[in-house]
Structures are given as structure tokens and as C-alpha cells.
Protein chains: 2
Amino acid sequence: MSKTSIDKALLEERHRLRSRSASLHGHGADHPAQELERVAAHLREHDIRPDVYGAGEYVEAFEQEVADLLGTESARFMPSGCMAQPIALRIWAERAQNFETAFHATSHLELHEEHGYRELHGLNAILLGDPSRPTLACDLEALPDLSSLLVELPAREIGGQLPDWEALVELTARARSRGIRLHLDGARLWEAQSFYERPHAEICALFDSIYVSFYKGIGALAGAMLLGPADFIEEAAVWQRRQGGTLYSALANIVSARTRLAHQIKRMPLYRDRAREVAGLWRRMEGVTVLPDPPQVNMFHLQFSADATALAQARDRVAKDCGIWLFGGLRAKGGTCSTELTIGEAALGIADDRLAAAMAQLQA
Amino acid sequence: MSKTSIDKALLEERHRLRSRSASLHGHGADHPAQELERVAAHLREHDIRPDVYGAGEYVEAFEQEVADLLGTESARFMPSGCMAQPIALRIWAERAQNFETAFHATSHLELHEEHGYRELHGLNAILLGDPSRPTLACDLEALPDLSSLLVELPAREIGGQLPDWEALVELTARARSRGIRLHLDGARLWEAQSFYERPHAEICALFDSIYVSFYKGIGALAGAMLLGPADFIEEAAVWQRRQGGTLYSALANIVSARTRLAHQIKRMPLYRDRAREVAGLWRRMEGVTVLPDPPQVNMFHLQFSADATALAQARDRVAKDCGIWLFGGLRAKGGTCSTELTIGEAALGIADDRLAAAMAQLQA
């Protein structure tokens, strides 16, 4: 067999192993048809008319619901955060006639979006502060004038870290005093709320515009929302059209998001508590570091002083022997490696003793 | 009641009337759940794994299928044509280091996309020739250097008109001889093929890049494809990410499109023939003009020498009395008005005598 076929066979074998095991990460894998069937049943039960190019009673009611929850005037359902966030920064830039923005060096916009903010929107971004900790007020010192500052709560790439409430208030007040518009990257706002234990609207009141996601913690098919003042959202809808994001219909994604949101929000504290328990089990392991420790939300990183290839093989063996899939992709760095764990429904169903046994097996 | 509530009540009444009647336009209205149920059943029956951020066996096999059908090297599923087409023009512009493009004055990019090609991609478009006829080779005379030329087949806003084959070959050859890249707006390529009666690949061979749509004639949930050389499509995938169009998953849209395409393509000649029959009935009516006459594809415009408000009321009355919804939105122009009719499954099920009686009733 060629190298490619061996790689493919290995991937297939891993896919089979993972789907037969209880995953520690995420919400567990339903059959791909399941969410569509749930949405279809909901459509049969209620008299819901499809949205047409972003307009329609159902989607507009959903937008108002989320706007009310987050305390903003208006909201717009969009296909993705990758679409929503550069649009927000572009609008603030146009208004200020200033295309300078700033965010954390590990922001999704910098790492995972092919620099659409720059290539499509002509924005220039200053990457702020020490990449290993959240953005703080001191990071704004000695910066040129900015039209906007994007803050991700929690910062995913550094294990879901959050500034404490006082630091967040100080950061946003400092920016505001300089006339900088604040945009919240709330891809995991639902998770951040379980850390601050303040109403969503109190967190969001620190920001001028907000993006939230519905497929990550919420577990919907796909989709995002951009929120802010009514005139801002009107402009955003025009940019959404320009970017090709105003679809003929997005009904399945909209129904999936709306029907899951209320239920999933309530589960976030459970996920956070379980994340702390699971992290506690990892902490006891030799050669494993939990980051941050303790986790602040329902996610954290694990750093292993082990070779990535060997560790992946050990994980596969544990899945075969114990029926638990301990983690997914490993990022290698020298002779060590790391992974990201997000705790959701799946981990709630795995007992601690079974989990500890699987972890022990990893180093056997 | 306020003016707004009266308008809303009228819209509601019209929605009820239309959904109770046999529509002459389109494919007929299924329950919004139906296509999702069909997709879910297909997922249960076959072992299909969801795409993840645009990658996956199923979507890639679909892309290859359409690339093979259209005779291109490569293809990429995208959320919408509004996303796909400016990306194509941008790539050709970057390669030529020339941001001048050209298209028909009624192009979708000019009329319905909030000028994303300009505002996002910095392209400048020259609007070509006489807006009441398709683009012809003579329209290229005396133009500055262009990186690309976009040709919509058929031109929707002028009733689905097409240049004849010789004129199309002349246009594309003229452009090619000047080093201009040719992009096909094939939102209705499936329909155009039934006019040219040549293989899809023979039509597409005249172009460097092609966009096709899956929700219009094909009747899928939503979605589009961009096609061209492999290196072009690789670049397009990067731009798709930048525009926020690489979704966590688009499985429902992909399965809907792939499973409907093969079946629907075969129906296009039926729709075209039926369109000619239906147009023949309209032609006999006093004060009604069919454009183009005869229709070239399965769509045409109707121009009425009648007031739009009065005609809409007459249409509602016909729906009530005869159970046929003759047309939808009317565009008023002075004391006259016009509408667009696209013939699909729905019109195949309406007998000529019933239809003629309904039309007669319209002027009663």
C-alpha cells in the first residue's frame, strides 16, 4: 500500500474506533440525520413558513429573542462567525474612517479565516499583548487610534481563558474612553456566562456589537448571529448580502439554533462543573498539564510531555480496550504535544472511575 | 386598522390564496419539512458522513460529478452564487493585475448583490451594450482591457433570453482573442442547455470558470457550485473561507442538491416545451405581450397593459374562483406592469382548458 492509502486506512480505523467509543469531548455523535429529523418534526408540528433571503416571521422572532437576551436593540442571523465578525469591524471602521483594529494574537480572525478582514475589508489589525493570557487594559497603552477592539470571551486558543470581571470592565472602559468601539467575539459567550455568573446582558453591555455562535456549545447544525444597534444591524445585512450570505433559505439552521438555544444555555453550568472534575482527573496524571488550571469554562487544553504519534496510538488502544475516546487531534511541538477538550453532554455520561481507568491505561 | 395592518392582512390573505391554488409558476409548494425529511431518509439509507468545513468524501464526490458533467477540472460547493461569482472575477483580476470586468447591465451582480464586487473586491464593472438583448461580440468593441467578462445564460432579467449558438461562439472567441477570461453565470445553465441542445460540457468549454445554482430549476434547499481549473478552485476555496462561506457543515444542502440534480436535469426539456405552450395561451390574450416570444427556455416575462394594483386584485379573484394562481409579483411601470413566469413541475399538472379559462377570467 502507498503512504496515502496507509494514512487513509488509519483515518478510517480511527473514525470507526471513535464512533464506537464514548467520547470525552463534545456532545456525542448523533446520526447525521437526527437533527434534520428533529427540525422537520418541529416544522410539521408548528406552522412555520420558510425565511426568504433572510426575511420571515420565524427568523425575525428568533433574532428579537436573542437581542432581548443579550440586551441589544437588534440582531441578524448569519451563516457563520467568519462572515459576521469582519463585517462588524468594517462597519465600525467606515464610521470612524479609520481601518485600524486590534485583537489578541490568537484570534480566530488572525489564525483561521485566511485574513478575510484584510483581503476583503482592507482592515489592518494590531495583535495585542502577551499571547498566553487574555487581553488586558494595559495592552492598549501606546497604541495608535483604533476604530475597534475585538475581545474573544473566552479565548479559545489559550484553553478558554477569561479575564476576571474587574479586568474586563477595566479593559472595556479604557477602550471606550479612547472612543474605540468594542466588539465581542462571543463564539462561546454561553460558556463565558457560566464563569461570570452575571446575566448575559450585563456582559454584553460592555460591548457595542456582539457575535454569538449556535453550532459549538449549542450544538445546532450551523449558524451565527450578529447583534448591536438597529442602524448597525441594517448595515450589517447589506454586507451580508455582499458577502453572499443571504441565502434563499436557511430554515433548517435557524430552526435548529432557535429550538436548541434555550435548552442548551441552561446546561452550561453543568458542563463547566464537569470540566473541572474531568480536569481534576487529568491533573493527577504524570506528564500532563491542564491549562488553565482549574478550567474557567467547559473547555481546557491538555499538554502532554509525550510524542504525538505514540500518544495517538495509545489513545487508540485505550478506545479499543476501554471504549472511551479520550481526545481528538494532537498538536505536536518538539517532543511534546497538546489537545483541546470541550466538555458537553458526552462527558456527563462517563463515570469517574471508568474515566480514571482509561486515563491510567493511556500510560500503561 | 392602520395602513400597515391592512397591508399585512392583504399579504396574509394572498399567501393563503396562493397556497390553496395550483401555481402556474415554479415547482409547486411542498411542506417546508418535506425536503428535510427526504434528505434525512437518504442519510439513513446510505452511510454518509457530514462534510466538515467544506471537506468530506460525499461533497467531494458531488463536486467531481458536476465537474465531469460540465467538463471542468475541478469544482467547489458554495453557499450561494452571490458568493461564488465575485470570487471568480476577483481571481481573474488578481492574476491579470487588472480589476476591470464587464457584464450585462441587468446582471445579478449589478442589480441584486449590493455591489459586493465593488465594495468587497474592488472590481470596476463596465455595463455592456443594449440592456434589452443578450451580450453580443459587438459589445466588446472600443472597450479598455478587461481581466474578465461575465455572461449570464440565459439573461434572467430580460425574460431568459439567450444569444444563438453562433453569436455565443463569436462573443467568446472575440473575448478570448483579447486575453479576457470568460466567466459563465450559469444560474440557469440547466435551462440554457435545453435551448442549445448540446452537451453541457460543449457550452461550458467556451468559458474559463462557471457558476451553477441548485435551488432554482433544480429545487434543492440552497447552494451553488463554482467550477474551473484545479488551481483556480483552490484559490476560490481560500476566498470562500474569507467570505465566511466555509461552514461547519452544509450537509442538508449538499445532499438535497446532489440527489435532485440528475433527476431535474432530465426534466428541463419538458419545462421548456410546457413554457412554450403556456406562452401560446398568454399570447392570445388582449393587452398581454410575451417576452421573448416564443420563450427560449422555461421562463419568460409577461407585459400587461394594465394597472398593477387592479391586475393583482383580478389575479386574486381568479385564484379564488378557478383555483389557479396565475403569477406572483408585478412590477409596475407607468400604467402597465410585468411579471416573470418560470415553468416547472407545477404547470405540467394544469390542463390547457382550465388554464385558458382562468386567463379569460382575469380580464372578465
Side-chain angles (χ1 to χ4, degrees), chain A residues 15 19 29 31-45 48-50 53 78-87 90 112-122 213 215-216 220-224 237-253 255, chain B residues 15 19 29 31-45 48-50 53 78-87 90 112-122 213 215-216 220-224 237-253 255:
Chain A
H15 175 80
S19 51
H31 190 282
Q34 194 161 312
E35 184 66 5
L36 295 179
E37 288 161 349
R38 206 183 60 76
V39 167
H42 191 84
L43 290 172
R44 292 269 177 209
E45 199 178 327
I48 298 169
R49 255 180 249 166
Y53 293 115
M78 292 196 180
S80 68
C82 208
M83 184 172 299
Q85 301 206 98
I87 286 177
R90 172 74 177 260
H112 303 298
E113 304 185 3
E114 300 282 356
H115 299 100
Y117 73 83
R118 186 174 66 214
E119 304 294 334
L120 274 172
H121 289 290
S213 173
Y215 75 85
K216 300 172 187 90
L221 291 168
V238 172
W239 284 107
Q240 179 186 359
R241 182 71 182 165
R242 287 178 179 146
Q243 293 201 194
T246 310
L247 304 187
Y248 176 59
S249 172
L251 188 62
N253 291 358
V255 171
Chain B
H15 175 80
S19 50
H31 191 282
Q34 195 161 310
E35 184 66 5
L36 295 180
E37 288 161 348
R38 206 183 61 76
V39 168
H42 191 84
L43 290 172
R44 292 269 177 209
E45 200 178 329
I48 299 169
R49 257 181 250 165
Y53 293 115
M78 293 196 180
S80 69
C82 209
M83 184 173 299
Q85 300 206 96
I87 285 177
R90 173 74 178 259
H112 303 298
E113 303 185 3
E114 300 282 354
H115 299 99
Y117 73 83
R118 187 173 66 215
E119 304 294 332
L120 274 172
H121 289 290
S213 173
Y215 75 85
K216 300 173 186 87
L221 290 168
V238 172
W239 284 107
Q240 180 185 358
R241 181 72 181 161
R242 286 177 180 148
Q243 292 201 195
T246 310
L247 304 188
Y248 176 60
S249 172
L251 187 62
N253 291 358
V255 171

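Below, chains carry the letters A, B, ... as their sequence lines are ordered, and counting in each starts from 1.
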Item to complete: Give the ring-plane orientation class for B/Tyr215 versus A/Tyr53, where under 30° counts as parallel, over 60° as perpendicular and anything between as tilted.
Response: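 Perpendicular: the ring planes of B/Tyr215 and A/Tyr53 meet at over 60°.
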
Worksheet item: If only atom types and distance count, is the side chain of B/Arg241 paired as donor or acceptor with the main-chain N or O of A/Cys82 below 3.5 Å?
Response: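 Side chain of B/Arg241 to backbone of A/Cys82: no pair is present.
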
Fill in: B/Gln243 side-chain N/O to A/Gln243 backbone N/O, donor-acceptor pair under 3.5 Å
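Yes, the answer is positive, given that a donor and an acceptor are paired below the 3.5 Å cut-off.
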
When heavy-atom pairs shorter than 4.5 Å are enumerated against chain A, which of [options] gives the highest number?
options                               : value
B/Gln85, B/Arg49, B/Glu119, B/Glu35   : B/Arg49
B/His115, B/Arg44, B/His121, B/Glu113 : B/Arg44
B/Met78, B/Arg90, B/His112, B/Lys216  : B/His112

Worksheet, complete the sentence: dist B/Asn253:CG -> A/Leu221:CG (nearest 0.5 Å) comes out at 10.0 Å

Worksheet item: Under 4.5 Å between any side-chain heavy atoms of B/Glu114 and A/Trp239, yes or no?
Response: no

Discussion item. With chain B as the partner, which of A/Ala40, A/Pro86, A/Gly81, A/Gly244 has the greatest number of non-hydrogen pairs under 4.5 Å?
Written reply: A/Gly244

[X], part contacting chain A, at a heavy-atom distance under 4.5 Å:
X        : result
B/His42  : neither
B/Leu247 : side chain
B/Arg118 : neither

Worksheet entry | All side chain to side chain contact (heavy atoms under 4.5 Å, CB included) counterparts of B/Leu251, not counting sequence neighbours |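 By the side chain to side chain contact (heavy atoms under 4.5 Å, CB included) rule, B/Leu251 matches A/Pro32, B/Leu43, B/Ile48, B/Pro50, B/Asp51, B/Ser249, B/Val255.
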
Worksheet item: In chain order, what residues pass the side chain to side chain contact (heavy atoms under 4.5 Å, CB included) check against A/Ala224, with sequence neighbours excluded?
Response: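 Side chain to side chain contact (heavy atoms under 4.5 Å, CB included) list for A/Ala224, sorted by chain: A/Tyr211.
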
Discussion item. With a 4.5 angstrom heavy-atom cut-off, is it the side chain or the backbone of A/Gln34 that approaches chain B, or both, or neither?
Written reply: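 Interface part for A/Gln34: both.
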
